[in-house]
Amino acid sequence: MSNYHIKHLEEYYQVYRKSVRNPEGFWEEIAEEHFLWRKKWDNVLSWDFKKPEVKWFEGAQLNITENCIDRHLATRGDKTAILFEPNDPKEGSEHITYKQLHHRVNKFANVLKEQGVKKGDRVCIYVPMIPELAISLLACARIGAIHSVVFAGFSSKALATRINDSDCKMVITSDGSYRGSKTIDLKGIVDEALESCEGVEKVLVAKRINSDINMKEGRDLWLQPLLDAASDQCKAEVMNAEDPLFILYTSGSTGKPKGMVHTTGGYMVYTAYTFKNAFQYRENDVYWCTADIGWITGHSYIVYGPLANGATTVLFEGVPSYPDFGRFWDIVDKHKVNQFYTAPTAIRALAKQGVEIVEKYDLSSLKVLGSVGEPINEEAWHWYNDNIGKNNSPLIDSWWQTETGGIMITPIPYVTPTKPTYATLPFIGVQPCLMDENGKELKGNQVDGRLCIKFPWPSIARTIWGDHQRYKDTYFSTYENMYFTGDGALRDEVGYYRITGRVDDVIIVSGHNLGTAPIEDAINEHPAIAESAIVGFPHEVKGSALYGYITLKDAGESRKHDNLRKEINQLISDRIGPISKLEKIQFTNGLPKTRSGKIMRRILRKIAEKDTSNLGDTSTLLNPECVQEIIDNAL
Ligand code: PRX
């Protein structure tokens with residue numbers, strides 16, 4: 001009997017137990033009954049967290065685009081697959097049916113082939129939220145090329161690092177992008193990046209803003225004429241279940257970004273199954289996730305998960321504030337959106353605008369609300385639940401990560417009773433546990449510890465591109481035989497989980513993961529700066545914001561501090577992107593250090609949080625005198 005769609009709490013517990021007692025049998029049944037395989041697997045699962053190595057559906061063959069597109073053609077050919085809502089509402093939305101998507105993906109796939117892309121090649125996608133973005137992912141998957149999407153808000157330096165790390169031979173981009181009332185010169189950013197990317201042979205350019213851009217002979221090609229000339233039929237490449245589907249970069253607490261590698265079969269099964277249940281998607285529902293496809297949320301829950309279920313998925317180009325702060329609600333009203341998935345930072349920004357603007361729109365189509373990306377605070381939870389959901393649409397606070405590929409802890413709407421700020425129960429097949437700092441598992445309820453996962457789920461990232469050792473060190477070395485998430489969590493009296501935040505040096509700003517080390521490296525490039533330390537502090541809208549403590553080489557630096565602040569943020573924008581800019585910059589004469597020379601971030605964090613009542617023992621510091629000075633000058 002199929003457990004594909006869970007409808008009540010008892011069923012959840014029953015299916016959950018089954019998925020944990022016999023994971024292989026459970027996932028085999030789901031995979032067998034709900035997907036299209038060219039060849040079935042020889043083995044459902046083999047794993048060893050010590051190596052670490054995880055393989056799902058080994059020996060199976062498939063193409064994910066046949067599951068996301070072709071198999072729907074007979075029954076859903078004229079159904080809208082992608083509903084594109086442009087930045088400017090006056091431009092009008094575009095409905096792309098499954099049939100049209102099939103043609104467009106095939107054409108694009110043929111263009112990729114003609115331009116020399118082969119199975120296994122890496123293709124970097126740096127495209128704004130327009131249909132070509134989703135289509136380019138699918139086109140790569142169609143021919144077995146590995147896509148590496150880079151969020152089109154990253155700077156040229158950040159883009160170049162990612163292109164080079166995975167040795168991409170092609171970049172897909174657009175002439176520019178719209179963002180509210182602004183336009184961004186994306187092609188210019190690509191050109192700058194490619195000055196240091198020797199491996200890139202071709203750049204395909206989609207036309208979006210009709211700007212006058214430079215096209216480098218022999219390298220750059222306009223996409224549209226190539227698409228026009230290409231055939232709309234393209235045989236799907238037969239892939240092994242464990243062949244890489246994509247690479248997606250995420251920030252670590254140190255070093256360069258980590259190219260998380262996701263493979264084909266397990267990722268497809270898990271994202272499709274979670275999508276169906278976590279959003280209780282039913283045929284003819286209109287589903288909207290406001291994330292950008294540049295992040296994992298967009299990969300799994302705008303593109304692959306929804307399309308694998310034959311859903312209608314909204315792709316929104318714009319921002320919540322343009323033309324005004326009613327835009328989200330206008331879109332919900334206009335397209336009669338049933339499931340709406342967004343981030344706490346957007347909720348907080350919209351809540352600030354008051355409810356009057358919400359009340360102008362009819363939101364009665366909504367059935368499910370979702371939140372993802374960072375802890376949702378109590379106030380935002382209630383505002384969202386009461387004013388958008390009208391206390392009537394369950395709010396699912398879904399916890400997961402780039403590394404997990406799909407949703408891991410979440411209420412199932414209409415199934416799991418929700419509790420403000422709690423992600424509640426593990427999804428089917430997920431075995432979370434809490435560990436203390438000494439590596440002991442915290443059993444029972446009402447405990448607070450570090451969140452780990454004991455058993456592999458189908459969409460776990462398999463490695464870090466080009467650096468398996470780092471994959472092992474980061475996720476599998478802190479606790480024996482466990483995947484360590486980097487998050488802290490507590491479990492309440494009924495076993496509900498609440499995620500409390502990162503326990504490492506990753507700071508989540510407006511839902512974006514930012515590692516402190518790359519930002520500090522960027523700042524330290526400034527000739528006037530001796531050293532710096534970045535910490536997070538609570539921010540009303542962004543959740544957390546960045547606080548930088550900066551020591552100048554010459555304390556009597558003649559330049560004005562305000563100018564320096566601008567230069568520092570410009571440097572960060574250039575090196576990483578504007579999302580990493582510092583909210584506050586405090587100039588210091590020194591940073592508190594341990595005797596081994598390590599910066600004591602714990603103290604700096606407390607000062608940034610304005611909580612200096614209990615700084616702990618500072619006498620063991622190398623330079624305790626600097627602490628008072630920092631407190632006195634805190635911003
Ligand atoms: O700290 C957790 C936080 O976001 C991190 C993962 O970020 P990223 O890989 O960018 O993926 C974000 C979207 C899946 C996690 O380690 N996080 C994500 N969702 C939640 C969350 N924190 C609390 N509650 C959540 N629902």
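Both counts, for ligands and for their atoms, begin at 1 and track the order of listing. Basis for what follows: all heavy atoms, side chains included, without hydrogens, waters or symmetry-related copies.
- Near Asp397, meaning under 4.0 Å from one of its heavy atoms, ligand 1 places the atoms 24 (N), 25 (C), 26 (N).
- Of the options His5, Gln339, Lys367, a side-chain hydrogen bond (donor to acceptor under 3.5 Å, both in side chains) to Gln280 is made by His5 and by none of the others.
- The atoms of ligand 1 that sit less than 4.0 Å from any heavy atom of Trp400 are 6 (C), 14 (C), 15 (C), 18 (C), 19 (N).
- Near Val372, with a cut-off below 4.0 Å to any heavy atom, the atoms of ligand 1 are 13 (C), 14 (C).
- The shortest separation from a heavy atom of Trp295 to ligand 1 is not under 4.0 Å, leaving the residue out of contact.
- Within the 4.0 Å heavy-atom criterion, both parts of Gln401, backbone and side chain, lie near ligand 1.
- Ion pair Glu85/Arg327 flagged as a salt bridge, since at least one NZ, NE, NH1 or NH2 atom sits closer than 4.0 Å to an Asp/Glu carboxylate oxygen.
- The heavy atom nearest to atom 11 (O) of ligand 1, considering only Thr402, Ile499, Thr404, is found in Thr402.
- By the side-chain contact (heavy atoms from CB on, under 4.5 Å) test, Pro538 is found to be paired with Glu609, residues two or more places apart in sequence or in another chain being considered.
- Taking every non-hydrogen atom of Ile508 and a distance limit under 4.0 Å, the qualifying atoms of ligand 1 come out as 1 (O), 2 (C), 3 (C), 4 (O), 5 (C).
- Taking a cutoff of 4.0 Å between a charged side-chain nitrogen and a carboxylate oxygen, Asp505 and Arg605 qualify as a salt bridge.
- Remark: distances from the non-hydrogen atoms of Gly373 to ligand 1 include one below 4.0 Å.
- The part of Ser398 lying near ligand 1 is the backbone, judged by heavy-atom distances below 4.0 Å.
- Proximity to Asp487 (heavy-atom distance under 4.0 Å) selects the following atoms of ligand 1: 1 (O), 2 (C), 15 (C), 16 (O).
- Within ligand 1, counting atoms from 1 as listed, the ones closer than 4.0 Å to a heavy atom of Thr297 are 13 (C), 14 (C).
- Enclosure of atom NZ in Lys157 is not indicated, since only 12 or fewer non-hydrogen atoms of other residues, nucleotides or ligands lie within 6.0 angstrom.
- When the options Met260, Lys258, Glu374 are ranked by their closest heavy atom to atom 22 (N) of ligand 1, first place goes to Glu374.
- Judged by distance alone, the side chains of Thr342 and Thr290 do bring a donor and an acceptor atom under 3.5 Å apart.
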Trace of the side chain to side chain contact (heavy atoms under 4.5 Å, CB included) decision for Tyr287 with Ile302: CA-CA 9 Å; Tyr287 160 88; Ile302 295 179; 5.5 Å; no
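- For residues 429-439, every residue pair satisfying the salt bridge (Lys or Arg N to Asp or Glu O under 4.0 Å) rule, not counting sequence neighbours, is listed here: Glu437-Arg450.
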